[in-house]
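Fair warning: this is a prediction, and the values are worked out from it, not measured in the lab. Throughout, protein chains are lettered first and strands after them, A, B, ... in sequence-line order, and every chain is numbered starting at 1. Hydrogens, waters and symmetry mates play no part in the numbers below; they use all other heavy atoms, side chains included.
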Number of protein chains: 2
Amino acid sequence: MRDVAQRAGVSIGTASKALNDNGRLKADTRTRVIAAAQELGFRPNSLAQSLHRTRSMTVGVLSTDSFGRFAFPIIEALEERLAEQGIAIFMCNATDDPEREKRHLDQLLGKRIDGLLVTGRRMDKRPPVAVPGQTMPVIYVFSQADDPEALCLLPDDYGGARLAVEHLIGLGRRRIAHITGPESFEAVTLRHRGYRDALTTAGLSASDTFFRKGKWSEAWGREAVADLFDDAAEMPDALFCGNDQIARGASDALRERGIDVPGQVAVVGFDNWDVMTLAARPPLSSVDMNLRELGRLAGERLISMIAGERFKGVERLPCSLFVRQSSDTNQS
Amino acid sequence: MRDVAQRAGVSIGTASKALNDNGRLKADTRTRVIAAAQELGFRPNSLAQSLHRTRSMTVGVLSTDSFGRFAFPIIEALEERLAEQGIAIFMCNATDDPEREKRHLDQLLGKRIDGLLVTGRRMDKRPPVAVPGQTMPVIYVFSQADDPEALCLLPDDYGGARLAVEHLIGLGRRRIAHITGPESFEAVTLRHRGYRDALTTAGLSASDTFFRKGKWSEAWGREAVADLFDDAAEMPDALFCGNDQIARGASDALRERGIDVPGQVAVVGFDNWDVMTLAARPPLSSVDMNLRELGRLAGERLISMIAGERFKGVERLPCSLFVRQSSDTNQS
DNA sequence: TTGAAAGCGCTAACAA
DNA sequence: TTGTTAGCGCTTTCAA
């Protein structure tokens, strides 16, 4: 900065004004300073800037499980949104270790982050992050804090499930089964509820004979199909699966039994994970949680909160249904 | 800091010495200051600290494609290693857009990062990142720069392929086919070379009749199996696949033809991606690129380079083979 | 063993 | 319209 001022033949304060576009300056002076900065390859030290301004232009992202498959689209979109405002993100991973989480938090606070985003799939609500002073914005994404004052951003699992099941009903299916993951996940409960409500709304019975909970794996999908179809008095004509791995396993198991998908049984998964949906035969319909949207919204909210706005409570973002051959009787 | 000094009844300089454990201080004074800091919940402003010290204790991670599946383990392990030294990482994603890359780089330089890590699967060597001054350490991981002075950390694709093929040879297989991805990837070339060298070393012919290149997908794996096995004069007794998706597709296709894996045909994949290897029937053997190791090594090197050491050239980390049922005739 | 003071690179209020 | 100056919060000589 000093060098730039000297080069341009102005005071150091003037140079600062010119480069930051504030204060009243003669256009000529301004351009002269900017030229000097250019020639010298001057790059303002944002550490020094942050010492003055109230903001560091950085936020922290704390992942509680490791950076899983679900975290990436969220973080990617978040980073994109924040980068538009010149905000950089610090990434930390605590792997569910409270000790590490605390160390990371200390480090982030030392770096004077302007806000914090906490993420990480969990089965239950997590204890809120202990930020001294209460003033720094904190957002939980794809994660819920046990604190009514906290802002939590989540996909609308319930609505996503209804979307899927209503689609199957629209296809004329009446015996729709639901195969899903471990009930310790809130998502399992919510999706199950969506499934049942969609059925009852349509005047269909939602008994538990067509409901199976287990693991999030292909093997479980295959197993559940065996259970539902082999020697069954009444066979389902559609499957709504809790995730795409289950759906893929189920779809494989059906094919191997000579049951046509979607002709005899339509299948819809959840997550819209291309690795599964596109590799399956036929390609799988699936509910998309719009994780990039979620990440972008988190960025949006964080920016507003840094600017002083307050948000609280649980906000759920709608899911979308992607229809592919596994539930499309016209294309099959 | 001022508050802490006041509270402890010492000068501000003394307080600093006490908290940073340098200078000669009476033990009593030191503990008094530390106590005061504790009570006041004092947290040093690392922005201010960095203004003095030469280091900001931050590094940048620039991803050129988006944060892909391969990037997670690398970045995770990197972050873990750097966190041990109290170094935080800024994550940026440029998605192969030079414009965005430049903006991110400017931002990072403004934040006075101590080092930079560039990552992102690419087919060809990328132009080196333009860092003015040449002094900041830069490492390319899972990515290669077109600059002999750059340090590039990569998995040993060639060695990994040899490992797999030698394993198959050890099983007594003699007609080993290689199904792989698009040849525009350097990894495809290297793995192919490893495959051929392993064969010729064992005195087997490495003709192109058993070589198929295509896509990185399950569908391609199935297709290639159809091509290799249906109406073939001579059928392979083993498949070495360029990635796990191909291997999975191939394995499915074999099963559907009633060909026993591993009895008649052994299958080995590449990536050791559990989503594929464990869901396949039988579970797939696969070559692991040790990406976490790679990330950790990158952290290690970055720390050394920040301390002044210099490294250059391409460094390749060994792969490991994970044997599962698809190539284990004892377990099958 | 401690305190005083200069300064890291920058901004912003106030004077000129 | 520009220059001067007092810090932002901390570290580190140098004196005391």
Side-chain angles (χ1 to χ4, degrees), chain A residues 1-37 40-58 86 106-114 132-133 135-136, chain B residues 1-37 40-58 86 106-114 132-133 135-136:
Chain A
M1 179 88 227
R2 162 173 272 98
D3 306 344
V4 173
Q6 238 156 35
R7 184 87 144 93
V10 296
S11 83
I12 180 167
T14 304
S16 168
K17 282 172 211 158
L19 295 173
N20 292 296
D21 228 21
N22 41 2
R24 268 149 300 282
L25 286 195
K26 218 162 48 176
D28 168 55
T29 323
R30 181 156 311 202
T31 51
R32 204 145 34 86
V33 171
I34 291 173
L40 293 166
F42 171 77
R43 199 183 307 278
N45 183 329
S46 67
L47 269 42
Q49 291 181 315
S50 303
L51 223 46
H52 277 264
R53 322 210 214 252
T54 351
R55 301 181 42 188
S56 66
M57 302 300 276
T58 59
D106 276 343
Q107 188 191 43
L108 291 172
L109 292 172
K111 296 204 183 296
R112 297 300 188 263
I113 49 168
D114 297 329
T135 167
M136 196 183 61
Chain B
M1 178 88 227
R2 160 172 275 100
D3 305 342
V4 174
Q6 237 155 36
R7 184 87 142 93
V10 296
S11 83
I12 179 167
T14 304
S16 168
K17 281 170 210 159
L19 294 173
N20 292 297
D21 227 22
N22 41 3
R24 270 149 299 280
L25 287 195
K26 217 162 46 174
D28 168 57
T29 323
R30 181 155 309 192
T31 52
R32 204 146 35 84
V33 172
I34 291 173
L40 292 167
F42 171 78
R43 198 184 308 277
N45 183 328
S46 68
L47 269 44
Q49 292 181 315
S50 303
L51 223 46
H52 279 266
R53 322 211 215 253
T54 351
R55 302 181 41 190
S56 66
M57 302 302 275
T58 59
D106 276 344
Q107 189 191 41
L108 292 172
L109 292 172
K111 296 207 183 296
R112 297 300 187 263
I113 50 168
D114 297 328
T135 170
M136 195 184 62

- Query: How would you label the contact of B:T29 with the nucleic acid (heavy atoms, under 4.0 Å): base, sugar-phosphate, or nothing?
  - Reply: sugar-phosphate
- Out of B:T14, B:V10, B:L25, which residue meets the side-chain contact (heavy atoms from CB on, under 4.5 Å) rule with B:R30? B:L25
- Query: How long is the line joining CZ of B:R2 and C1' of C:dG3, in whole Å?
  - Reply: 14 Å
- Task: Would you kindly compare B:K26 and A:P44 by the position of their nearest DNA chain C nucleotide and give the one closer to the 5′ end?
- Result: B:K26
- Note on the structure: Taken to the nearest whole Å, CZ/A:R32 to P/D:dT1 is 14 Å
- Message: In this structure, how many angstroms lie between the P atom of D:dC10 and the CG atom of A:L51, rounded?
- Response: 9 Å
- Query: What is the distance from CG of B:N20 to P of D:dG9, rounded to the nearest Å?
  - Reply: 17 Å
- Query: Do any side-chain nitrogens or oxygens of B:T14 fall under 4.0 Å of OP1 or OP2 in C:dG3?
  - Reply: yes
- Message: Does a side-chain N or O of B:S11 approach OP1 or OP2 of C:dT2 to a distance below 4.0 Å, or not?
- Response: no
- Message: Nearest whole Å is fine: how far is D:dC8 C1' from B:I12 CD1?
- Response: 12 Å
- Query: Does A:M1 or B:G9 map to a spot on DNA chain C nearer the 5' end, using the closest nucleotide for each?
  - Reply: B:G9
- pair B:K111-B:T58: side-chain heavy atoms closer than 4.5 Å: no
- Could you check whether B:R53 gets within reach of a base, just the sugar-phosphate, or nothing at all, counting any heavy atom under 4.0 Å? sugar-phosphate
- Message: Of the options D:dC10, C:dC10, C:dT2, whose atoms approach the side-chain atoms of A:F42 most closely?
- Response: C:dC10
- Query: Can you tell me how far C1' of C:dG3 sits from CG of B:L25, to the nearest Å?
  - Reply: 11 Å
- Task: Round to a whole Å and report the spacing from NZ of B:K17 to P of C:dA4.
- Result: 11 Å
- Item | B:R32 and B:D28 ion-paired at < 4.0 Å | yes
- Message: I want to check something: taking the side chain as every heavy atom from C-beta on, are B:P44 and B:L19 in contact at a cut-off of under 4.5 Å?
- Response: no
- Query: To the side chain of B:Q49, which of C:dT2, D:dT11, D:dT2 is closest?
  - Reply: D:dT11
- The side chain of B:H52 lies closest to which of these nucleotides: C:dC8, D:dT2, D:dG3? C:dC8
- How long is the line joining CG of A:L47 and C1' of D:dC10, in whole Å? 12 Å
- Note on the structure: Of all heavy-atom pairs linking A:M1 and A:A15, the shortest is CE-CB, 3.0 Å
